[in-house]
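This report refers to the structure that appears directly beneath it.
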Amino acid sequence: MNPLELTGVIKRRDGFTLGPLDLVVPRGYVMGFVGANGAGKTTTIKIALGLVHADEGSVRLVGHDRVGVVHDQPAYVGKWTAAQVGRAVAPFHPAWDPERFRALLDWAGIEPTRQVKELSRGMGMKLQLAVALSHAAELLILDEPTSGLDPLARSELLEMLADFMTDERHSVLFSTHITSDLEKIADYVTVIERGRVVASTTRDELVDSYRLVRGAASELDADLRPLVHGLREHGVGWQGLMATEDTVSLGRRAVAEVPTLEEIVVHLAKEPRHA
Amino acid sequence: MRDLAPMLRLDLLTLVASRKMLAIYVLVVCFLVAVNGALVALPMIGVASMMVCLNLFGTIENHRLTQLYGSLPLRRRTVMVSHYAVTAVLTCVFVLLGALAAGVAAWVRAEPAVGVAEGVGTLGALLLVLALVTPAYVAWGTRTGGLVTLVVVATVIGGLLAFGDNPVLAGALRGLAGVGPEASWWVLGAGVLAQAASLVVSIGVYTRQDH
């Protein structure tokens, strides 16, 4: 059984509609969940955790005691020390391992007596990760964990996730708008834009299924325009993202290149010009 | 309710974070009781206990603890039961402290002691106020919830003042004024019942909320 499955989820809130949205985090894999700020990533995660109620659709999540969560900001009392954070959450988890928690605090460079409010953003993220990894969680749900971190902290956090994934029963849902993180660790990628999933497949398939195309202005006819995502026209030609299968209709002078994940996400965020 | 004990502990840890404020309240109350005598002890301790109880909700809001609760194996019903249990027990402890302070003040100042009835009545009144305020705090947060409570209380008092010369209301108020100390137990009973009803309302509100 997959640790997390959202099926046909819809949430309407303050003029924004999320979904209909399907999202599956397969057991043993890292699912990257990528989209611009405000695309609906955090709302989706909150629905998965039961913090927000979906108007329609269903959510299947392994037991909460087997889920580790890293929010975009630590949700702990600012005056709590790191050790008190451990004491606060430990009784909820029968599999809590105090030795591992201490070791993770040590790895994070957080003294047990340091208060939460004294921690930098990176330290706060590491503290949450230490909590998430101290109770034998099978699924990690991470909401923008690398946002605002310096390169070293990001690298350390990604290494810790890679270590977590050495157990084949473990899975990760990793929400971010920093696609370079996903290049490093994601097996699957789901792209969300304005509340809708615009792509969800393995990272390699996603990259294979699109091409970054440049062509002469004369080739851009009415049939081609609807097929180009993020079409940008300039003096001598145009460029945009196309489905690989659509590139067969291109003329000889057009150039198709393999895009980066970031280029795919950026271009998919822009509807084809005709839409 | 296997998750209640951990949640109670979590609530207590949340309150412990405000221990300095708690200590200041106790010192201020002790000072005022020493200066003004035993009669002010219970009202003062009542105000202090109300502030501390409502501080729990303020801390939860300020530090987004609802998100923490959502990431733990914890039912929403349990969260509310724990909040109510902690605030009710805290109120009892404060009233006991107030009664103790009043007793000491009465002995030192050679004044008449505060009776059990006053303590019981104070406890009942505090539970009644908490029962009114808590669902508003849960539903709208501490700022708006506090404002809503103030508006409701002001409306009730305004209504009493406006219709105070109504014969039926005036008769009821005279009747209340004439009741003896045994009525404080009725106030306590009303407070306990109000807490139960308030808990049901708060669970309903909290269960349906998005965080």
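Per chain, numbering begins at 1; letters A, B, ... match sequence-line order.
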Heavy-atom pairs under 4.5 Å with chain B: which of A:Ala88, A:Ala75, A:Gly68, A:Ala90 has the most?
A:Ala75
Mind checking whether B:Val16 and A:Trp80 have side chains closer than 4.5 Å, heavy atoms only?
no
So A:His53 and B:Gln209, side-chain contact (heavy atoms from CB on, under 4.5 Å) or not? Walk me through it.
CA-CA 8 Å; A:His53 300 289; B:Gln209 270 178 340; 5.9 Å; no
What part of B:Arg208 gets within 4.5 angstrom of chain A, counting heavy atoms only: side chain, backbone, both, or neither?
backbone
With a 4.5 angstrom heavy-atom cut-off, which part of A:His71 approaches chain B: side chain, backbone, both or neither?
side chain
Using a cut-off of 6.0 Å, state whether more than 12 heavy atoms not belonging to B:Met51 lie near its atom CE.
no
At a heavy-atom distance under 4.5 Å, which candidate from B:Thr14, B:Thr66, B:Asn62 has the highest pair count against chain A?
B:Thr14
Between A:Lys11 and chain B, which part of the residue has a heavy atom less than 4.5 Å away: side chain, backbone, both or neither?
side chain
Flag if over 12 foreign heavy atoms under 6.0 Å of CZ, A:Arg27
yes
Toward chain A, the part of B:Leu72 with a non-hydrogen atom under 4.5 Å:
both
Option that, when pairs with chain B are counted at under 4.5 Å, heavy atom only, ranks first among A:Gln115, A:His135, A:Arg87, A:Gln128
A:Arg87
Whatever's closer than 4.5 Å to a heavy atom in chain A on B:Thr78 counts as neither
Closest non-hydrogen atom pair between A:Tyr76 and B:Leu68, with its separation
CE2-CD1, 3.7 Å
Closest heavy-atom pair and its distance - B:Asp3, A:Phe92
O-CE2, 4.2 Å
Interatomic distance, CZ@B:Arg64 vs CD@A:Gln73, rounded to 0.5 Å, equals 4.5 Å
Considering all heavy atoms of both residues, which atom of B:Ala17 and which atom of A:Lys79 are nearest to each other, and what is their separation?
O-CD, 3.1 Å
Answer yes or no: does atom CZ of A:Arg203 have more than 12 heavy-atom neighbours from other residues, nucleotides or ligands under 6.0 Å?
yes
With only heavy atoms counted, which part of B:Ser71 is less than 4.5 Å from chain A, the side chain, the backbone, both or neither?
both
Pick from A:Leu49, A:Val52, A:Val69: which one has the most heavy-atom pairs with chain B under 4.5 Å?
A:Val52
Between the NZ atom in A:Lys46 and the CG atom in B:Asp210, the distance rounded to the nearest 0.5 Å is 9.0 Å
Under 3.5 Å, is there a donor-acceptor pair between the side chain of B:His211 and the main chain of A:Leu51?
no
Provide the closest heavy-atom pair for B:His63 versus A:Val77 in the form atom of the first, atom of the second, distance.
CG-CA, 3.7 Å
